[in-house]
Amino acid sequence: MDTENHSEKNNKSFHFKDLLKLIKYALILTALIIVLFIIRYQISNGNQKKEQTTIETSAKLEKILQISELSTYQVTFNGVTDVKDDTDTLLYHVSYNAKVGIGLNMEEIRVTIDEGSDENKKIIVTLPEIKITEANVDPGSLDYIFVEQSANTENVSMTALPACKADAEAECRSNDVILELARENAVNTVKALTEPILVQNKEYQLEIQTEGGSTYE
């Protein structure tokens, strides 16, 4: 009888110890799950904040740079062009002076953020194509050599001015030196406008790309 009672006590003690172990393991497992959940949440939240900060920085910089059309370079151009009638008959030669602005549409600038590695983060600014933004011909500078005297009228400037403007634009558009100077001025303008952002985000480097394939840092 005593043996049976002793055996029953041992069984109860054994089951109680097992129950304590199970509770202990369950608590440990629950704690681990909670810790993992917290770590995952923090990582996810950190990534979201990082992504949000990146988007905000990109949008803010893009807004700063998109300040309407910008004439980045201006030249005084002296040219001579021929003016013909509808039958391609040469009417006169005309020389002129014009001020030509070359630049780009800042509203077409795009900004992207390349997170890369901690040591290779970039703010990439992509510039649109350089183009002629304006061509103003000085009417007082027009000087004519008439081939057809019938074209020598008091309204001759009405055909001469558009022809001179078109000629100045075409000549400057085909001049690689002028376009490169305008491009460099645009790059310097972007660098100046982005400097405050770079001061606040020292881990980033600025990279400026052009549609022509050139890269400036």
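All residue numbers refer to positions in the sequence shown, counting from 1. Keep in mind the model is a prediction, meaning the values are calculated, not measured.
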Under 4.5 Å between any side-chain heavy atoms of V190 and V187, yes or no?
->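 Result no, sub-4.5 Å side-chain heavy-atom pair not found.
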Under 4.5 Å between any side-chain heavy atoms of V75 and I102, yes or no?
->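 Yes, side chains in contact.
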Decide yes or no on side chain to side chain contact (heavy atoms under 4.5 Å, CB included) for N152 and Y144, but give the supporting numbers first.
-> CA-CA 9 Å; N152 187 4; Y144 304 92; over 6 Å; no
Candidate pair T81 and Y92, rule side-chain hydrogen bond (donor to acceptor under 3.5 Å, both in side chains), full reasoning = CA-CA 9 Å; T81 189; Y92 57 87; over 6 Å; no
Polar contact flag, side-chain donor to acceptor under 3.5 angstrom, Q209-E207 |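 E207 and Q209 do have a side-chain donor-acceptor pair below 3.5 Å.
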Rounded to the nearest 0.5 Å, what's the gap from CG on L161 to CG on L142? Could you check?
->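 Reported value, rounded in 0.5 Å steps: 5.0 Å.
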In this structure, are over 12 heavy atoms from other groups packed under 6.0 Å from N155 atom CG?
->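 Yes, the 6.0 Å shell around CG holds more than 12 heavy atoms from other groups.
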So, D85 and T87: side-chain donor and acceptor under 3.5 Å apart, yes or no?
->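 Distance-only check passes for D85 and T87.
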Heavy-atom distance under 4.5 Å between the side chains of I132 and E169, does that happen here?
->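 With C-beta onward as the side chain, the pair touches.
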Considering all heavy atoms, the nearest L104-E129 contact |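 Of all heavy-atom pairs spanning L104 and E129, the closest is CB-O, 4.0 Å.
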Output the distance between atom NZ (K122) and atom CD (E203), rounded to the nearest 0.5 Å.
->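 Atom-to-atom, K122:NZ and E203:CD are 15.0 Å apart.
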Rounded to the nearest 0.5 Å, what's the gap from CD1 on I178 to CD on Q74? Could you check?
->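 Output value for this atom pair is 11.5 Å.
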Measure the CZ-CG distance between R183 and L127 for me, rounded to the nearest 0.5 Å.
->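 CG of L127 is found 9.0 Å from CZ of R183.
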Please confirm whether the backbone N or O of G101 pairs with a side-chain atom of T133, one donor and one acceptor, at under 3.5 Å?
->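 Flag set: sc T133 to bb G101 pair under 3.5 Å.
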Kindly give the heavy-atom pair with the smallest separation between I130 and A182, and that separation in Å.
->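 Scanning both residues completely, I find the closest heavy atoms to be CG2-CB, 4.0 Å.
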Within a strict 4.5 Å, meaning less than it, do heavy atoms of the I113 and K121 side chains meet?
->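 A side-chain contact is absent here, since even the closest heavy-atom pair is not under 4.5 Å.
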Would V125 and I109 satisfy side chain to side chain contact (heavy atoms under 4.5 Å, CB included), going step by step from the backbone distance to the final call?
-> CA-CA 7 Å; V125 178; I109 286 178; 3.7 Å; yes
Taking atom types as modelled, is there a side-chain donor on D167 or Y96 under 3.5 Å from an acceptor on the other?
->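 Y96 and D167 do have a side-chain donor-acceptor pair below 3.5 Å.
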When rounded to the nearest 0.5 angstrom, what distance separates OG in S95 from CD1 in I145?
->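 So the gap between those two atoms works out to 7.5 Å.
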For L90 and E148, what are the C-alpha separation, side-chain angles and deciding distance, and is it a side chain to side chain contact (heavy atoms under 4.5 Å, CB included)?
-> CA-CA 7 Å; L90 178 62; E148 294 289 338; over 6 Å; no
Between E108 and P128, what is the shortest heavy-atom contact and its length?
->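 Taking E108 first and P128 second, the nearest heavy atoms are OE1-CB, 3.3 Å.
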Which residues pass the salt bridge (charged side-chain N to carboxylate O under 4.0 Å, His left out) test with K99, sequence neighbours left out?
->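 Testing K99 for salt bridge (charged side-chain N to carboxylate O under 4.0 Å, His left out), a comparison that skips the adjacent residues, returns none.
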CA sep, side-chain torsions, deciding dist, call: V94, V80, side chain to side chain contact (heavy atoms under 4.5 Å, CB included) | CA-CA 6 Å; V94 56; V80 178; over 6 Å; no
State, to 0.1 Å, how close A168 and V100 come at their nearest heavy-atom pair, and which atoms those are.
->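 Nearest pair, atom of A168 first, then V100: CB-CG2, 4.1 Å.
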How does the hydrophobic cluster around V199 look, that is, which other residues are in it when side-chain heavy atoms under 4.5 Å mark a link?
->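 Cluster partners of V199: none, it stands alone.
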Rounded to the nearest 0.5 Å, what separation is found between the CD1 atom of I124 and the CD atom of Q205?
->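 Going from CD1 on I124 over to CD on Q205, the span is 12.0 Å.
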